[in-house]
2 protein chains.
Amino acid sequence: MARIAVLGAGYMGSAVTFPLAERGHEVRLWGTWLDDELVRASRAGRHPRLKRPLPPTVEVLDSGALARAVQDADAVFIAIASEGFVPVFERLLPHIGPDTPLFCLTKGFIRAEGGALEPAGGILRVSEAASLLCTRARGRPVGRWAAIGGPVKAVELADGIPTGSVYGLSDPSMAELAASFRTPTYRTIPSADVTGVELCAALKNAYAIALGICDGMYGPQPGRFYDNAKAFLLGASVLEMGAIVEAAGGSRESAAGLPGAGDLYVTAQSGRNRKFGELIGSGIPAGEAYSRMNAAGEIAEGYHALLHGRDYIGQLGGGLPDRLPLFRTLHAMVCRGESLTGLQRLFESYPQG
Amino acid sequence: MARIAVLGAGYMGSAVTFPLAERGHEVRLWGTWLDDELVRASRAGRHPRLKRPLPPTVEVLDSGALARAVQDADAVFIAIASEGFVPVFERLLPHIGPDTPLFCLTKGFIRAEGGALEPAGGILRVSEAASLLCTRARGRPVGRWAAIGGPVKAVELADGIPTGSVYGLSDPSMAELAASFRTPTYRTIPSADVTGVELCAALKNAYAIALGICDGMYGPQPGRFYDNAKAFLLGASVLEMGAIVEAAGGSRESAAGLPGAGDLYVTAQSGRNRKFGELIGSGIPAGEAYSRMNAAGEIAEGYHALLHGRDYIGQLGGGLPDRLPLFRTLHAMVCRGESLTGLQRLFESYPQG
């Protein structure tokens, strides 16, 4: 039994407390300053997003109690939205030892804003940002880091639906701890590919928009399905994710397996990025679709993955952008307002090269 | 403009005449002795499976007119069910030259039954069977062969839905012809991986059963979805197809792209193999589910892919079966009547090794 702090009381942080509690770990769930209402409601008996009580052994702490949440923790889960990662991680560092294992559920890219995160304007993977912040704080990079990916809908995880999640471990010594989170229905699968797992976790949100757009454009026509077109996009997405991962030094296997193909499948079935795509496909300009969802408290992370992903891919160089026709098309349609005919032109651009 | 014979007037043979005719090719569609009713109805104005008239320039020929169908053909499409492949191919050979390009839409494995196909009882890929038959007939293997794969529902192809199909070409000289089949919505994508494309085309039918079983087991519970579990199965399927393809000398990229991940996605969304899995998942014994569908004229090809695929994988040797836990579980559940708890045990067997 380990003492485990989970930072972030949203969907995923709260959901992961279910298997952790089931395995008998001592779990403290800490909510950020944006999670106060989630914390209050959870204490009152029901997590508003998961729509059920949290496991009774989980201690729920509010934003003022970070130090207490992580005190003597054997491991820390980070389940903060990517926008909030840097401020939370900076507050966290003074409270944990240099070798405390960190399990990261945060997905997405982080834009360097100077300070420890250089060059300003550059795009970092979450583990890269963490290491830079760590190096500034204590002169050495993150010791033990797990990038968590794979197809996990939080509600289904809390519900005990069979779920596979890949843990990309920076250090093989973390495998034992990762195994201790496993239940009969939550299967933690170790991998050595931190880079591939975290890139797929970010990129699949971008590619899921494509399948949503397809449904938005074509879906309303009765009796006509567009499975061929969606499968075309899915296959192209997996290949492009593989190319990006490989260029970044990761393994194509991550893109072909649960972190890439698997997670893209689940993300495209439902959820915010798919909905964002559907709105765009139905003719609503991307900016308006984003604002409309944002006003309802729904952030389409895929938009940021496209915006930041484009710069990240540019940093990798080597003519990579030319090998990513779907990513380029999505970026043009979603971030630069190019018309929906871009999708038809994309189809017509195959085969490439 | 080329003269093109399409053998087999079922779903896929008939559907591929749409882009071929659109590109102005002279198309002759030949029905086997099992297709007489399809031929009659098509001539009368409506293909019964595609539920629409065939393109007006397509000449529809019945089973007695094979010689005429392939006379002076610049290319022959083979769109015969795998059970019928050997007798049709044997009849075809005397009528075509040794270098006539053959484009194969037949999916599945072929069990050698002696004669040219040795060793009796062995399992062959379609291109292997074709080459053995060719060698016996004329002393040399097939000259130019394309294995066609990727996510193509026939009705959508006929309907002009954007569709990508990978042509695994044995000879790069066939690329020009494959390009001449392309329309704005039917994108033929050349590949050098005959083995990988044809293996994925066969295997995806087996793996699609898994996603159907999952829906059959869990689907009827209102408000509960099993996207995590299905995505887990999808990701595992893509990795296992990649391992099989690689062991057979093909490329893992075929499994990660349109022939593998893409085609599995579309096959699992709907269709006979998915339905077969749903019936099994709902508690109907596999044999009864197969018979019931068969009586309605629906053949669950995935059943044969499991049965023959197991032997094919065994032939590849090298401990491959041990690296395919999902395939093994499916085979046990579908072909040997093992109970549905096999799926839960499968989940619990991850991570492997």
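Every chain is numbered from 1, with letters handed out A, B, ... down the list of sequences.
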(message) Does any backbone or side-chain atom of A/Gln269 lie under 4.5 Å from a heavy atom of chain B? Answer side chain, backbone, both or neither.
(response) side chain
(request) Assert yes or no for the condition that the ring centre distance of B/Tyr186 to B/Phe18 is strictly below 6.0 Å. (result) no
(message) Heavy-atom pairs under 4.5 Å with chain A - which of B/Arg182, B/Lys153, B/Arg252 has more of them than the others?
(response) B/Lys153
(message) Which heavy atom of A/Gly10 sits nearest to which heavy atom of A/Arg49, and what is that distance?
(response) CA-NH1, 3.9 Å
(request) Output the option from B/Pro259, B/Cys214, B/Ala256 having the highest count of non-hydrogen pairs under 4.5 Å with chain A. (result) B/Ala256
(message) Quick check for you: among B/Ala179, B/Gly262, B/Ala255, which has the greatest number of heavy-atom pairs under 4.5 Å with chain A?
(response) B/Gly262
(message) Whether A/Glu298 and A/Lys275 form a salt bridge (side-chain N of Lys/Arg under 4.0 Å from carboxylate O of Asp/Glu) is what I want to check.
(response) yes
(request) Give the intermediate values and the outcome of side chain to side chain donor-acceptor pair (under 3.5 Å) for residues B/Asp193 and B/Ser254. (result) CA-CA 7 Å; B/Asp193 186 19; B/Ser254 293; 2.6 Å; yes
(message) Quick check on the interface: out of A/Ser165, A/Gly164, A/Gly150, who has the most heavy-atom pairs with chain B under 4.5 Å?
(response) A/Gly164
(message) Looking at every non-hydrogen atom in both residues, tell me the closest pair between B/Ala208 and B/Thr267 and how far apart they are.
(response) CB-CG2, 3.5 Å
(request) Look at B/Ser270, B/Pro162, B/Gly260, B/Pro151 and state which one has the largest set of heavy-atom pairs under 4.5 Å with chain A. (result) B/Pro162
(message) Within residues 234-251 of chain B, which residues come under 4.5 Å of chain A, heavy atom to heavy atom?
(response) B/Leu234, B/Gly235, B/Ala236, B/Val238, B/Leu239
(message) At a 4.5 Å cut-off on heavy atoms, which part of A/Phe232 comes close to chain B: side chain, backbone, both, or neither?
(response) both
(request) Would you kindly say whether B/Gln352 and B/Ser349 are connected by a side-chain donor-acceptor distance under 3.5 Å? (result) yes
(request) With a 4.5 angstrom heavy-atom cut-off, could you sort out which part of B/Leu211 is near chain A: side chain, backbone, both or neither? (result) side chain
(request) Mind ranking A/Thr183, A/Asp263, A/Leu343, A/Leu258 by heavy-atom pairs under 4.5 Å with chain B and telling me who comes out on top? (result) A/Leu258
